[in-house]
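In this chain, residues are counted from 1 in sequence order. Atoms within each ligand, like the ligands themselves, are counted from 1 in listed order.
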Amino acid sequence: MPAITATACGKLILLGEHAVVYGSPAIAIPLTSLKVRTTIEPAIGQPQGKIHINAAFLNIDHDLGELGKDHFLVHTLNLLFSFLGLQQLPTCRIILTSELPIAAGLGSSAAIAVSLLRAMSAFLGHPLNPQELNSLAFQSEQAVHGRPSGIDNTVITYEKPIYYQRGEVIEFIQPIRELTFVVADSGIRKSTRESTSQLAQNLATDLDAIQPHLDAITELVQHSKRSFQIADLEALGKAMDANQEHLAAFWLSCPELDALILAARKAGALGAKLTGGGMGGHMVALVTPETETAVTQALISAGSPWVFATHLHPME
Ligand code: MEV
């Protein structure tokens, strides 16, 4: 078996995170400049079926058996092995590297799953088709997050902007003109499991206060599909701002994110909000080519340890 390398990108949720878990639609785009990369090479001379994993960014340099079957990498590989009906494990070494920070709202867990499943299925001579890949990555996400909506694995599998609603046919959407976003790290790490559990708990105790916000998010995402498609920056920016207020109302923002969001708006962003799980992680601002530099500078001055721009081209 020759060595195989496969990659998967990150993602940005523009509108509708968290509400999407409860059935609202959401809009997400791929972050194609940031990748998780998996290389699998045969391990000649090693005992049959021995799999070694090296993932320095996860502090892992272990044989599969040492990690235990509940570890999400082992679980993800086992999902694939049982899907393929594999009798005998391959003897190999897996090397994972990532440009995506963990627990930061950019889809690292889904990207790890997609890249690992892509690489291992190709290494075994049975490359998965996108539907199979998406379905196994979703099952991997269930082990990591408990109750994922499926938006992360879907946008990462297909690497296209999506209008996503649980249980509905995936809708691929395109802007007619290039859209530019500036993304900034709050420096706080928070797992999606933590933020989604927090919201579930709050919903259980305070449904009456939170439900109107979820309903409002549903409505604004529905309206924003067209704003995204026709690249109506004013309307899209306003929707992002409004979405942020609803997320903040149920405690998914944090002071560090609030400061960055305010700085981006003051510097001319058309809209700004947290992206992904929140309570930390990254924020995203909608900008124009004219305001991109000013917003970037403002976010650096406001203390973000990492700021970058991403350009979404039509037909990407
Ligand atoms: C995480 O990227 C997005 C959330 O809506 C969770 C999910 O949809 O699975 C917070």
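Atoms of ligand 1 found under 4.0 Å from any heavy atom of Val21, numbered from 1 in the order shown, are 5 (O), 6 (C), 7 (C), 8 (O). Ligand 1 places these atoms under 4.0 Å from at least one heavy atom of Asp152: 1 (C), 2 (O). When each atom of ligand 1 is checked for a heavy atom of Val20 under 4.0 Å away, the hits are 5 (O), 8 (O). Near Glu17, the atoms of ligand 1 lying under 4.0 angstrom from a non-hydrogen atom of the residue are 5 (O). Listed by atom number, the atoms of ligand 1 under 4.0 Å from Ile13 heavy atoms are 2 (O), 3 (C). Every atom of ligand 1 with a heavy atom of Ile151 under 4.0 Å away is listed here by number and element: 8 (O). When each atom of ligand 1 is checked for a heavy atom of Pro148 under 4.0 Å away, the hits are 9 (O).
Some N or O of Ser149 is nearer than 3.5 Å to an N or O of ligand 1, by distance alone. Considering backbone and side-chain atoms together, His18 places an N or O closer than 3.5 Å to an N or O of ligand 1.
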Throw together a table of side-chain donor-acceptor distances under 3.5 angstrom for residues 142-150, partners on residues two or more places apart or in other chains.
| from | atom 1 | to | atom 2 | distance (Å) |
| --- | --- | --- | --- | --- |
| His145 | NE2 | Ser109 | OG | 3.2 |
| His145 | NE2 | Glu141 | OE1 | 3.4 |
| Ser149 | OG | Ile151 | N | 3.2 |

Output a table of donor-acceptor pairs, distance under 3.5 Å, between side-chain atoms of residues 248-262 and any protein atom two or more places apart or on a different chain; print 'none' if there are none.
| from | atom 1 | to | atom 2 | distance (Å) |
| --- | --- | --- | --- | --- |
| Ser253 | OG | Gln244 | NE2 | 3.1 |
| Ser253 | OG | Asp258 | OD1 | 2.6 |

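Contact annotation: the side chain of Tyr164 approaches that of Val20 to within less than 4.5 Å [non-hydrogen atoms, C-beta and beyond].
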Inset, instruction - Please lay out, stage by stage, how Thr192 and Ser195 fare under the test side chain to side chain donor-acceptor pair (under 3.5 Å). - result: CA-CA 5 Å; Thr192 301; Ser195 62; 5.1 Å; no
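For Lys11, the closest heavy-atom approach to ligand 1 falls below 4.0 Å. Judged by the shortest distance from any of its heavy atoms, His145 lies outside the 4.0 Å radius around the atoms of ligand 1.
Summarising the local packing, CD of Glu245 is surrounded by more than 12 heavy atoms from other residues, nucleotides or ligands at distances under 6.0 Å.
A salt bridge does not link Asp241 with Lys273: every distance from a Lys NZ or Arg NE/NH1/NH2 to an Asp or Glu carboxylate oxygen is 4.0 Å or more. Between Glu41 and Arg93, at least one side-chain nitrogen of the basic residue sits less than 4.0 Å from a carboxylate oxygen of the acidic one, meeting the salt-bridge criterion.
Using modelled atom types, one finds no donor on one side chain facing an acceptor on the other under 3.5 Å when comparing Thr7 with Ser115.
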